[in-house]
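Just so it is clear, the structure is predicted and the values come from calculations on it, not from any experiment. Chain naming here is simple, since letters A, B, ... match the order of the sequence lines and numbering starts at 1 in each.
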Number of protein chains: 2
Amino acid sequence: MARGLSEEQLAAYFTLTEVGNLLEQAVSDQLRADGDLSPVQFQVLATLGEPGAPDYRMTDLADRIVYSRSGFSYQAGQLEKRGLIARERDGHDERSTVVRLTAQGRDLLARVMPGHVEVVRELLLEALPPRDLQTLRGVLDPVRDRLRSRPPRSARPRRRTG
Amino acid sequence: MARGLSEEQLAAYFTLTEVGNLLEQAVSDQLRADGDLSPVQFQVLATLGEPGAPDYRMTDLADRIVYSRSGFSYQAGQLEKRGLIARERDGHDERSTVVRLTAQGRDLLARVMPGHVEVVRELLLEALPPRDLQTLRGVLDPVRDRLRSRPPRSARPRRRTG
DNA sequence: TATTGTTATACTCTATAACTATA
DNA sequence: TATAGTTATAGAGTATAACAATA
């Protein structure tokens, strides 16, 4: 089995997967309790709320969060209904929609973040000496960049319309 | 923001999350194409098919895969319908159900694995020198153990039944 | 009385394809 | 003709609570 992959390599991959799953499960409970948010919704808000965040179009966020456009439209609708984000026409390209965080969205993010950070600290960081954390970043950043550089789903050709 | 968490720490966490998401997306496409499996279904088969795998009860797998029991019952039903797993009574505790891989399940796993490994290699391993891979394991294994040691969802008290 | 597992139900999420509008 | 976004639809996945059986 695992043609050309060592046990070691496969094990590392499965560990990465399992850590991701277990972490998401715990985080999911916290986000639901503190802000009635799904992990995906939190990710949208957090991405928009990052310090030097650029303007995002719908497609940009869909690609980043790993959603089909339609799926992201749905989520954006949910968040907009709650007044957490706003959508407005892009002045440069009338086809595009720019998404931004509202004041309410920023508030909710601020309200959810402490508990979120607490969970992350407890589950991830306390098991990681600062030195290892830095190592983790050094190791994963190139992987992330490699993954980001792949053509996103939105780049797939669409079927001809009737 | 991020009371008590450094930028560095938060960034490492977000990177871990994003790598997990992007990896799962790519893997998901491959599993669907090669075996008509969701990532979760693959995870069930792969867990059951590991070399020295023990007997698993339904609850054990639900906890491991991060599902509610009912959700796992649903997935087990899907896999059983396709003849990929089998459920049988546990001789030691008549309440329990033991899950095992069928020959068909083993076949499918073997058929899906090469493509799966290929994706993992391309997206994860080629960006990781062997040395870093070992580091990654050393860093994540304790985290995984810590996460596993938490009380799983199935341990939550159930509401009194009417 | 607690635990294992299933089921009924309701809801959320997701993708595909059709559709509108702009480039 | 291609791209950005939305929507309709249909299906998959998930959780809660109720249920049956065993410990």
Side-chain angles (χ1 to χ4, degrees), chain A residues 21 24-25 28-29 31-33 36-44 55-63 65-82 85 87-99 151-162, chain B residues 21 24-25 28-29 31-33 36-44 55-63 65-82 85 87-99 151-162:
Chain A
N21 285 345
E24 168 147 16
Q25 192 258 35
S28 176
D29 289 345
L31 293 174
R32 186 60 66 190
D36 195 27
L37 290 172
S38 68
V40 170
Q41 289 165 347
F42 170 76
Q43 212 181 335
V44 173
D55 278 356
Y56 285 102
R57 298 173 313 142
M58 291 294 289
T59 302
D60 298 334
L61 278 178
D63 288 344
I65 314 293
V66 176
Y67 262 61
S68 65
R69 298 193 211 191
S70 68
F72 187 72
S73 270
Y74 169 79
Q75 291 296 348
Q78 297 297 308
L79 293 172
E80 200 171 42
K81 248 194 281 182
R82 294 174 61 183
I85 66 170
R87 287 182 277 192
E88 43 199 46
R89 276 296 177 79
D90 180 349
H92 301 297
D93 184 338
E94 290 285 322
R95 291 172 302 182
S96 302
T97 299
V98 170
V99 186
R153 278 184 171 169
S154 66
R156 289 180 187 173
R158 299 202 193 179
R159 187 79 64 87
R160 293 273 265 99
T161 160
Chain B
N21 284 346
E24 168 147 16
Q25 193 258 36
S28 175
D29 289 345
L31 292 173
R32 188 59 68 190
D36 196 25
L37 290 171
S38 69
V40 169
Q41 289 165 347
F42 170 75
Q43 211 181 336
V44 173
D55 278 357
Y56 285 102
R57 297 173 315 142
M58 291 294 289
T59 301
D60 298 334
L61 278 178
D63 288 343
I65 313 294
V66 177
Y67 261 60
S68 64
R69 299 194 209 190
S70 68
F72 187 72
S73 269
Y74 169 80
Q75 291 295 347
Q78 298 297 308
L79 294 172
E80 201 172 39
K81 249 194 278 180
R82 294 174 60 183
I85 65 170
R87 286 183 275 193
E88 42 199 48
R89 276 295 177 79
D90 182 349
H92 303 296
D93 185 336
E94 289 287 320
R95 290 173 302 184
S96 301
T97 299
V98 170
V99 186
R153 276 185 171 168
S154 66
R156 287 182 188 170
R158 298 203 194 178
R159 186 78 65 86
R160 295 273 266 99
T161 162

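For the segment residues 87-97 of chain A, residues with any heavy atom less than 4.0 angstrom from an atom of DNA chain D are, sorted by number, A:R87, A:R95, A:S96, A:T97.
With sequence neighbours excluded, the residues satisfying side-chain contact (heavy atoms from CB on, under 4.5 Å) with A:E80 are A:I85, A:R87. Residues that satisfy the side-chain contact (heavy atoms from CB on, under 4.5 Å) test with A:D29, not counting sequence neighbours, are A:Q25, B:R153, B:R156. Evaluation of the ring pair (Phe, Tyr, Trp, His ring centres under 6.0 Å) rule for B:F42 yields B:H116 as partners, not counting sequence neighbours. Taking B:D93 as the reference, B:R95 meet the salt bridge (Lys or Arg N to Asp or Glu O under 4.0 Å) condition, with sequence neighbours excluded. A search for side-chain contact (heavy atoms from CB on, under 4.5 Å) contacts involving A:Y74 returns A:Q78, not counting sequence neighbours.
Put simply, CG on B:N21 is 15 Å from C1' on C:dC13, counting in whole angstrom units. Rounded to whole angstrom, the span from the CD atom of A:Q78 across to the P atom of D:dT6 amounts to 13 Å. The CD-C1' distance, from B:Q25 to C:dC13, rounds to 16 Å in whole Å. Remark: P of C:dT16 and CZ of A:F72 are 18 Å apart, rounded to the nearest angstrom. Counting to the nearest Å, the C1' atom of C:dC13 and the CD atom of A:E24 are 13 Å from each other. For the pair A:L79 CG and C:dC13 P, the computed distance is 10 Å after rounding to whole Å. The CG atom of B:L31 sits 15 Å away from the P atom of C:dA15 (whole-angstrom rounding). Distance CD (B:Q41) to C1' (D:dG11): 14 Å, rounded to an integer number of Å.
Considering only side-chain atoms of A:R69, the nucleotide from C:dC13, C:dT16, D:dG5 that sits closest is D:dG5. Distance from the side chain of A:M58 is smallest for D:dG5 among the nucleotides D:dG13, D:dT16, D:dG5. For A:S73, counting side-chain heavy atoms from C-beta on, the closest listed nucleotide (C:dC13, D:dT16, D:dG5) is D:dG5.
Heavy atoms of A:Y74 sit under 4.0 angstrom from at least one base atom. Within 4.0 Å of A:Q75, counting heavy atoms only, lie sugar-phosphate atoms of the nucleic acid but no base atom.
Rounding to the nearest 0.5 angstrom, the gap separating the CG atom in B:L79 from the CG atom in B:L37 is 7.5 Å.
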Practice problem: Could you give me the CA-CA distance, side-chain angles and deciding distance for A:V99 and A:M58, then say whether side chain to side chain contact (heavy atoms under 4.5 Å, CB included) is met? | Solution: CA-CA 7 Å; A:V99 186; A:M58 291 294 289; 3.5 Å; yes

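The nearest heavy atom of DNA chain C to B:T59 and to A:S38 marks one nucleotide each, and the one closer to the 5' end goes with B:T59.
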